[in-house]
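To keep things clear, I will list the structure first and then write my remarks on it.
Just so we're on the same page: letters track the sequence lines, and every chain starts at 1.
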Number of protein chains: 2
Amino acid sequence: MVINFQEQAEAMIRRAGDRATSGRVRILALLLAEHRAVTHHEIEDRLSGEHRLDRVTLYRVLEWLNEKCFVHRVVSDDRVWRFRANVETHPHHHAHFECTRCTKVICLDDLKAKYEGPLPAGYRSHEIELTVKGLCAECG
Amino acid sequence: MVINFQEQAEAMIRRAGDRATSGRVRILALLLAEHRAVTHHEIEDRLSGEHRLDRVTLYRVLEWLNEKCFVHRVVSDDRVWRFRANVETHPHHHAHFECTRCTKVICLDDLKAKYEGPLPAGYRSHEIELTVKGLCAECG
DNA sequence: ACGGTGTTGCAACAAAGTTGCGTTTACTAT
DNA sequence: ATAGTAAACGCAACTTTGTTGCAACACCGT
């Protein structure tokens with residue numbers, strides 16, 4: 001299944017009724033092609049070959065993609081945000097695996113996590129995030 | 001139940017066979033008295049009245065407390081570490097509640113979380129962290 | 001009380017992210 | 001196709017959060 005992520009990205013952005021700038025298209029395409037959460041830094045490196053993109057612009061595009069729900073953010077223990085495209089049905093309850101050695105993060109899509117215990121009085125939950133930590137295949 | 005956290009902290013530190021410096025005692029006492037995860041910044045503010053403590057020392061004490069397992073760290077979406085005293089039985093599988101408005105973090109001690117789905121081949125898990133996000137009583 | 005080693009404070013640094021502002025670009029209307 | 005315009009962009013400067021090197025100090029055993 002060969003997909004032109006560039007075109008897919010542009011279509012998604014246009015459907016949202018916003019400007020399809022080259023930066024937005026390239027970044028979203030990159031994230032769509034990736035099957036894991038990627039750091040700002042990695043994206044910057046990846047894009048440095050082509051027409052280079054400013055650090056700040058990258059931050060702003062990522063923030064925008066997040067607002068538009070094309071992407072979501074994950075924070076892991078290294079305190080760095082990672083971004084991942086919201087492909088197909090990616091509901092609000094998702095789990096991540098984080099490798100404690102290489103700090104790589106992947107999404108565990110077949111999630112079966114629940115929080116059973118009660119919350120304190122007056123507390124309301126609307127999202128549950130589960131992170132499994134351990135060693136990935138390369139580091140294990 | 002009135003407890004002298006200062007004395008309790010000092011006893012814990014001495015039992016670990018390390019130097020009971022005033023900074024360590026005061027910080028651990030402060031964390032013991034608290035029933036939630038506290039940021040470096042909050043601690044710094046709280047301590048500013050008494051004999052003031054250097055930022056760096058605070059970081060180093062917190063790191064030391066973490067190594068000694070008197071305390072553990074949590075990272076939430078604001079990318080700031082929070083520290084919480086390891087009172088009694090605080091096993092490696094714990095859940096946190098994070099308020100999406102005020103970013104306060106509390107520990108949910110009665111945890112019933114599991115990850116049922118399979119990990120990719122070669123992956124090994126040794127810690128599961130569950131974060132429930134929502135609104136706390138004050139913000140809800 | 002004294003001395004050695006573990007701690008502290010200061011200053012400088014680093015990484016990640018944010019803000020302000022003038023310039024450029026993508027879309028819209030002609 | 002072209003021009004006008006608001007939205008994006010790039011640059012520079014700044015903030016926040018945490019780290020490192022090193023000299024000065026203080027805790028604890030003797």
Output the rounded distance in Å from [atom1] ([X]) to [atom2] ([N]).
{"X": "A:Leu47", "N": "D:dG10", "atom1": "CG", "atom2": "C1'", "result": "15 Å"}
{"X": "B:Arg79", "N": "D:dT16", "atom1": "CZ", "atom2": "P", "result": "12 Å"}
{"X": "A:Arg26", "N": "C:dA26", "atom1": "CZ", "atom2": "C1'", "result": "15 Å"}
{"X": "B:Trp81", "N": "D:dT16", "atom1": "CH2", "atom2": "P", "result": "18 Å"}
{"X": "B:Glu63", "N": "D:dT19", "atom1": "CD", "atom2": "P", "result": "6 Å"}
{"X": "A:Arg14", "N": "C:dC27", "atom1": "CZ", "atom2": "C1'", "result": "9 Å"}
{"X": "B:Glu42", "N": "D:dT16", "atom1": "CD", "atom2": "P", "result": "16 Å"}
{"X": "B:Leu58", "N": "C:dT8", "atom1": "CG", "atom2": "P", "result": "10 Å"}

Taking N and O atoms by type only, does the side chain of [X] place a donor or acceptor under 3.5 Å from a partner on the base of [N]?
{"X": "A:Arg19", "N": "D:dA8", "value": "no"}
{"X": "A:Arg60", "N": "D:dG10", "value": "yes"}
{"X": "B:Arg55", "N": "D:dG18", "value": "yes"}

Answer yes or no: is there a donor N or O on one side and an acceptor on the other, between the side chain of [X] and the main chain of [Y], under 3.5 Å?
{"X": "B:Arg79", "Y": "A:Trp81", "value": "no"}
{"X": "B:Arg24", "Y": "B:Arg19", "value": "yes"}
{"X": "A:Asn86", "Y": "A:Val71", "value": "yes"}

So, is [X] close to the [N] phosphate, meaning a side-chain N or O under 4.0 Å from OP1 or OP2?
{"X": "B:Thr21", "N": "D:dA26", "answer": "no"}
{"X": "B:Thr57", "N": "C:dT7", "answer": "no"}
{"X": "A:Ser22", "N": "C:dT25", "answer": "no"}

Would you mind telling me which residue lines up with the more 5' stretch of DNA chain C, B:Val56 or B:Arg24, judged by nearest nucleotide?
B:Arg24

Need to verify one output field. Residue with the more 5' nearest nucleotide on DNA chain C, A:Tyr59 or B:Val61?
B:Val61

Checking contacts here: which listed nucleotide (C:dC27, C:dT18, C:dA16) is nearest the side-chain heavy atoms of A:Val80?
C:dA16

Verify side chain to side chain contact (heavy atoms under 4.5 Å, CB included) between A:Ile13 and A:Trp64, making sure each step is shown before the conclusion.
CA-CA 11 Å; A:Ile13 293 169; A:Trp64 179 86; 3.8 Å; yes

Is it true that, when you exclude B:His40 itself, more than 12 heavy atoms of the residues, nucleotides or ligands shown sit nearer than 6.0 Å to its NE2?
yes

